[in-house]
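Encoded as structure tokens, the structure appears first; notes follow it.
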Protein chains: 2
Amino acid sequence: MPSPKSIGKMVSVIHRYGHSYFDHEFSDLDIGHGPRNFLAALFCREGMTQDELSESLMMDKTTTARAVKQLVQAGYVLRKRDEDDHRYYHLYLTDKARDLAPRIWDARSKWTEVLSKGFTEEEKELIYIFLDRAADNAAKFREEGFKLSPG
Amino acid sequence: MPSPKSIGKMVSVIHRYGHSYFDHEFSDLDIGHGPRNFLAALFCREGMTQDELSESLMMDKTTTARAVKQLVQAGYVLRKRDEDDHRYYHLYLTDKARDLAPRIWDARSKWTEVLSKGFTEEEKELIYIFLDRAADNAAKFREEGFKLSPG
DNA sequence: GGTATATAGTTGTAGATACAACTATATGAG
DNA sequence: CTCATATAGTTGTATCTACAACTATATACC
């Protein structure tokens with residue numbers, strides 16, 4: 001995160017302060033910020049395998065493995081081996097997880113609201129589109145081994 | 001970092017992939033990503049105290065303390081006590097640091113270029129302005145103890 | 001069937017970061 | 001001057017994360 005106001009620094013600030021906010025908002029929980037994010041992804045698509053979960057959040061699969069471990073230990077998630085292919089685990093939510101869902105969505109809405117305070121509806125759409133494109137550019141760059149592709 | 005394509009998730013991806021990129025680009029160095037960012041901030045304003053440095057990057061002062069320690073140990077930075085107020089350290093660059101500056105600016109330019117690939121000049125300005133406002137909103141929210149201020 | 005290769009998940013390890021609690025120095029009120 | 005308070009910096013600790021190397025299972029080719 002660069003020093004004058006570069007995109008990198010601003011992204012860093014938003015990322016870190018978001019982390020702080022969610023930690024503050026959920027300080028009573030028995031899981032941390034990381035596992036909570038994986039849990040939220042599962043709310044959207046239950047039954048995913050760990051690799052699918054990793055991909056949905058664009059996180060390393062080792063980070064996923066550890067987060068899932070905590071979610072299982074804390075009773076939010078159940079793992080079931082795939083019947084046909086024993087390499088896979090499918091991930092399912094417990095009632096404890098489901099009870100938590102509304103709080104998580106609320107906090108996320110609030111955070112988005114905070115970030116986009118003072119934005120017009122059009123601007124809210126634009127920042128979303130721009131960030132999506134920037135994240136996509138970053139992902140492609142990474143896939144190419146951090147080499148600039150022509151164009 | 002939420003699961004569908006939320007702002008939070010996209011910011012997380014950009015942040016983490018940027019970290020990966022810079023680690024890759026500077027894998028030969030004797031300092032890591034964190035200290036390197038503090039060093040870059042010092043290129044912009046040499047002589048800052050640690051607290052000023054923390055504030056310029058909006059980072060916790062304990063993170064700064066550890067980064068500065070590494071920068072000093074690796075020979076990039078010199079610390080000098082303030083003559084008048086012995087609580088302060090002022091931070092100065094060594095030649096080793098100065099030699100590194102161009103590489104760091106180049107990598108940063110490249111990263112910005114990567115992120116904004118496919119953006120028009122106007123869009124590049126807009127995402128910058130929007131992120132600045134969002135980061136500012138985040139900072140104010142945090143200062144207020146994560147309470148929504150009216151407006 | 002048996003070996004090479006691919007894929008899912010785990011473990012070791014190291015770095016970045018924040019918060020709480022601490023030390024050291026300075027300032028201000030009496 | 002002295003004690004209370006404020007400020008700069010440090011240390012203890014915990015979490016999040018990625019990369020390298022690993023294990024276990026499955027698929028494909030002979």
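Protein chains get the first letters and strands the later ones, always in sequence-line order, with residue 1 at the start of each.
Annotation: of the two residues near DNA chain D, A/D60 and B/T49, the 5′-most nearest-nucleotide partner is B/T49.
The interatomic distance linking A/Y88 (OH) with C/dA6 (P) rounds to 15 Å, in whole Å. A straight line from NE2 of B/H15 to P of D/dC16 spans 14 Å, rounded to a whole angstrom. Rounding to whole angstrom units, NE2 of residue B/H33 and P of C/dT17 are separated by 6 Å.
OP1 or OP2 of C/dT10 has at least one side-chain nitrogen or oxygen of A/Q50 nearer than 4.0 Å. Within the structure, a side-chain polar atom (N or O) of A/R142 is placed less than 4.0 Å from OP1 or OP2 of D/dC19. At least one side-chain nitrogen or oxygen of B/K69 sits closer than 4.0 Å to the OP1 or OP2 atom of D/dT11. OP1 or OP2 of C/dA18 has at least one side-chain nitrogen or oxygen of B/T63 nearer than 4.0 Å.
Nucleic acid contact class of B/T64 (heavy atoms, under 4.0 Å, all strands): none. At the heavy-atom level, A/D85 lies under 4.0 Å from the strands shown only through sugar-phosphate atoms.
If you check distances only, the side chain of B/R16 never reaches the base of D/dT17 with a donor-acceptor pair under 3.5 Å. Checked by distance alone, B/R36 brings no side-chain donor or acceptor within 3.5 Å of a matching partner on the base of C/dG15.
With 3.5 Å as the limit, one finds a donor-acceptor pair spanning the side chains of B/D60 and B/T62.
If you check residues 19-32 of chain A against DNA chain D, the residues with a heavy atom closer than 4.0 Å are A/H19, A/G32, listed by number.
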Subject >> Residues B/F141, A/Y17; criterion ring-ring contact (aromatic ring centres under 6.0 Å, His included); working and verdict >> reply: CA-CA 9 Å; B/F141 182 54; A/Y17 284 17; 10.0 Å; no
